[in-house]
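Please read the structure below before turning to the comments.
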Amino acid sequence: DQQVKQNSPSLSVQEGRISILNCDYTNSMFDYFLWYKKYPAEGPTFLISISSIKDKNEDGRFTVFLNKSAKHLSLHIVPSQPGDSAVYFCAASEGNFNKFYFGSGTKLNVKP
Amino acid sequence: EPEVTQTPSHQVTQMGQEVILRCVPISNHLYFYWYRQILGQKVEFLVSFYNNEISEKSEIFDDQFSVERPDGSNFTLKIRSTKLEDSAMYFCASSADRGKGYTFGSGTRLTVV
């Protein structure tokens with residue numbers, strides 16, 4: 001199942017800088033997207049969502065951008081903090097929200 | 001902040017044994033889900049549950065799997081005869097409405113030996 005792809009397994013960023021995490025999808029029927037972060041030994045924690053009627057959603061330091069024509073979304077974290085170090089997953093749903101398809105995750109390391 | 005609670009945090013079982021993984025969803029949530037993550041792989045959808053019945057299930061969720069909401073608070077996943085390949089982290093999630101407030105528990109690590 002490769003419907004949602006996160007091609008960068010890891011990303012390292014200096015504290016205070018911008019972190020950009022990318023996600024691509026293949027199913028044009030996806031119309032609702034989530035970003036989660038996950039610490040070791042914990043469940044995924046919801047960060048931010050976006051529906052396909054928008055191209056941007058912002059919540060504090062987190063902004064998600066959606067480019068429907070490119071089937072691409074990205075999560076921007078500004079400024080990055082060491083506590084942001086975690087694995088970030090994007091997930092997509094076809095709108096019935098019964099199930100989400102997850103990407104494989106990107107491990108973000110924010111260096112002090 | 002409301003939480004989804006899963007017990008136990010780690011379960012070791014022998015191949016062929018039955019296991020029940022337990023979850024207490026957030027109290028006013030109406031939609032319930034199970035996902036799993038095999039080590040090194042993606043989080044995968046197993047099943048969704050609403051109004052006391054399965055809404056959708058994946059191809060992973062075969063006859064060996066079942067879910068139940070035995071009372072007003074618990075949501076359980078049963079694996080009848082565990083296989084080695086069932087070893088994974090199992091995450092329960094619940095939501096107040098479709099796509100809204102989708103909250104995961106911290107997971108149960110199932111190890112089948």
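Naming: A, B, ... by sequence-line order, numbering from 1 per chain.
Atom NZ of A/K54 sits in a sparse spot, with 12 or fewer heavy atoms from other residues, nucleotides or ligands closer than 6.0 Å. Annotation for B/K57: atom NZ does not count as buried by contact number, only 12 or fewer foreign heavy atoms lying within 6.0 Å. Shown here is B/L39, whose CG atom has no more than 12 heavy atoms of other residues, nucleotides or ligands within 6.0 Å. Heavy-atom neighbours of B/E3 CD from other residues, nucleotides or ligands within 6.0 Å: at or below the threshold of 12. By the neighbour-count criterion of 12 heavy atoms within 6.0 Å, atom CD of B/Q14 is sparsely surrounded, having that number or fewer from other residues, nucleotides or ligands. Atom CG of B/D63 is surrounded by 12 or fewer heavy atoms from other residues, nucleotides or ligands within 6.0 Å. More than 12 heavy atoms of other residues, nucleotides or ligands sit less than 6.0 Å from atom CZ of A/R61.
In terms of heavy-atom proximity, B/Y102 sits nearest to A/F46 at O-CB, 4.0 Å.
A ring pair (Phe, Tyr, Trp, His ring centres under 6.0 Å) with B/F104 holds for exactly one of A/F89, A/F100, A/Y36; it is A/Y36.
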Assess the residue pair B/K42 and A/S104 against the criterion (side-chain contact (heavy atoms from CB on, under 4.5 Å)); give the C-alpha distance rounded to whole Å, side-chain angles, the decisive distance to 0.1 Å, and a yes or no. CA-CA 5 Å; B/K42 291 185 179 185; A/S104 52; 4.0 Å; yes
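With values rounded to the nearest 0.5 angstrom, A/E42 atom CD is found 7.5 Å from B/S106 atom OG. Rounding to the nearest 0.5 Å gives a distance of 4.5 Å between CZ of B/F91 and NZ of A/K38.
In terms of modelled atom types and a separation under 3.5 Å, the side chain of A/Y101 and the main chain of B/E44 share no donor-acceptor contact.
Aromatic ring centroids of A/F102 and B/F45 lie 6.0 Å or more apart.
For a residue to count as touching a neighbouring chain, one of its non-hydrogen atoms must lie under 4.5 Å from one of that chain's; by this rule B/F49 does not touch chain A. Of the two parts of A/Y39, neither the backbone nor the side chain holds a non-hydrogen atom closer than 4.5 Å to a non-hydrogen atom of chain B.
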